[in-house]
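The shown structure was predicted, so the numbers you read here are calculated from the model rather than taken from an experiment. Atoms within each ligand, like the ligands themselves, are counted from 1 in listed order.
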Amino acid sequence: MSEKDEASGFITRRGALIAGAAAVGGVLLARRFPRILPPTCGNVLRAGDSFTYGMQRAILGEHSLAKEYRLEDLTSFPATGTRDPGIGKGELAQPSEPALAESYRRIRDGAFADWRLPIEGRVAKPQAFTLAELKQFPPRTQITRHTCEEGWSAIGQWTGVPLSAVLAAAGVLPSARFVLFRAYDGWVDSIDMVDALHPQTILAYGMNGRDLPIPHGAPVRLRVERQMGYKSMKFLRSITVTDQFEDGGKDGNIQTGWAWYTGI
Ligand SMILES: Nc1nc2c(c(=O)[nH]1)N[C@H]1C(S)=C(S)[C@@H](COP(=O)(O)O)O[C@H]1N2
Ligand SMILES: [Mo]
């Protein structure tokens with residue numbers, strides 16, 4: 001073994017020890033202060049989460065609203081990331097998982113009549129909603145600013161059903177702690193119950209007064225207004241209520257290097 005290898009081996013072992021200690025400490029701290037520490041606390045790759053989560057949760061109330069704008073404030077709104085899961089994933093249009101892409105093409109070509117949104121996990125009444133059923137809930141419309149990690153922001157008007165209403169209909173169990181979302185382009189992400197029950201967290205099927213366009217996530221996308229734009233998942237495929245933190249494995253944000261919690 002060369003000197004260099006030994007050095008990097010040492011750093012790796014030492015790094016692993018520090019990361020391990022931080023992880024254990026973090027988990028204990030997060031259990032003790034669940035309102036101000038995120039479930040990722042202690043994960044060295046997600047150190048930023050604790051800062052934004054703690055700041056927001058300590059300074060703002062749980063239900064403080066993100067600023068809402070007027071119709072005159074609407075701006076042009078680019079569609080970024082995946083624009084059509086039936087064609088490909090992300091800016092480079094890498095192929096989505098073939099089976100997912102195929103099922104998205106099928107429901108998209110049928111004008112989303114066959115789209116269903118299953119809600120399962122820690123709920124008393126697991127069920128699947130059609131688009132028409134979601135539209136029967138009392139709607140909420142909000143004009144908000146979307147902030148992308150790439151450095152642009154845009155103001156759009158969103159109409160949809162508050163996630164809290166859909167969760168209530170499914171009978172969320174007291175053990176619920178997170179809500180996990182999956183999309184037709186393979187994205188997996190979660191939010192905690194404070195964000196899930198927040199009045200501005202909606203399942204949006206309308207944008208700027210029209211049906212949600214395909215590049216913006218049709219038929220239904222999430223809007224999570226107190227976090228960065230990438231938490232607002234497009235092309236929703238399923239919702240799972242969990243009692244454990246789940247980061248989505250190889251498809252989750254940590255693998256792509258993005259923070260789980262990004263308060264704005
Ligand atoms: N399923 C899915 N959701 C997604 C993305 C994506 O690529 N796939 N991109 C995210 C990012 S980084 C941003 S900025 C917004 C973009 O939304 P828009 O296309 O309506 O502007 O969607 C977010 N939600
Ligand atoms: Mo983004």
**Report entry** Exceeds 12 heavy-atom contacts within 6.0 angstrom, atom CZ of Arg221
**Finding:**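 Yes, the 6.0 Å shell around CZ holds more than 12 heavy atoms from other groups.
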Where does ligand 1 get N/O contacts under 3.5 Å from the protein, atom by atom?
from	atom 1	to	atom 2	distance (Å)
ligand 1	1 (N)	Asp185	OD1	3.0
ligand 1	1 (N)	Asp185	OD2	3.2
ligand 1	1 (N)	Lys234	O	3.1
ligand 1	3 (N)	Lys234	N	2.9
ligand 1	7 (O)	Thr82	N	2.9
ligand 1	8 (N)	Asp185	OD2	2.7
ligand 1	17 (O)	Arg221	NH2	3.2
ligand 1	19 (O)	Thr80	N	2.8
ligand 1	19 (O)	Thr80	O	3.3
ligand 1	19 (O)	Lys234	NZ	2.6
ligand 1	20 (O)	His216	ND1	2.6
ligand 1	20 (O)	Arg221	NH1	2.7
ligand 1	21 (O)	Pro78	O	2.6
ligand 1	22 (O)	Arg221	NH2	3.4
ligand 1	24 (N)	Ser232	O	3.1

Residues forming a salt bridge (charged side-chain N to carboxylate O under 4.0 Å, His left out) with [X], sequence neighbours excluded:
X	result
Arg108	Asp84
Glu120	none
Arg237	none

Query raised in the report: Any donor and acceptor pair, going by atom type alone, linking the side chain of Arg223 with main-chain N or O of Gln200 inside 3.5 Å?
Result: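 No: the side chain of Arg223 does not pair with the backbone of Gln200.
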Query - Verdict with reasoning, Arg140 to Glu68, per salt bridge (charged side-chain N to carboxylate O under 4.0 Å, His left out) - result: CA-CA 12 Å; Arg140 180 184 163 95; Glu68 294 193 13; 2.3 Å; yes
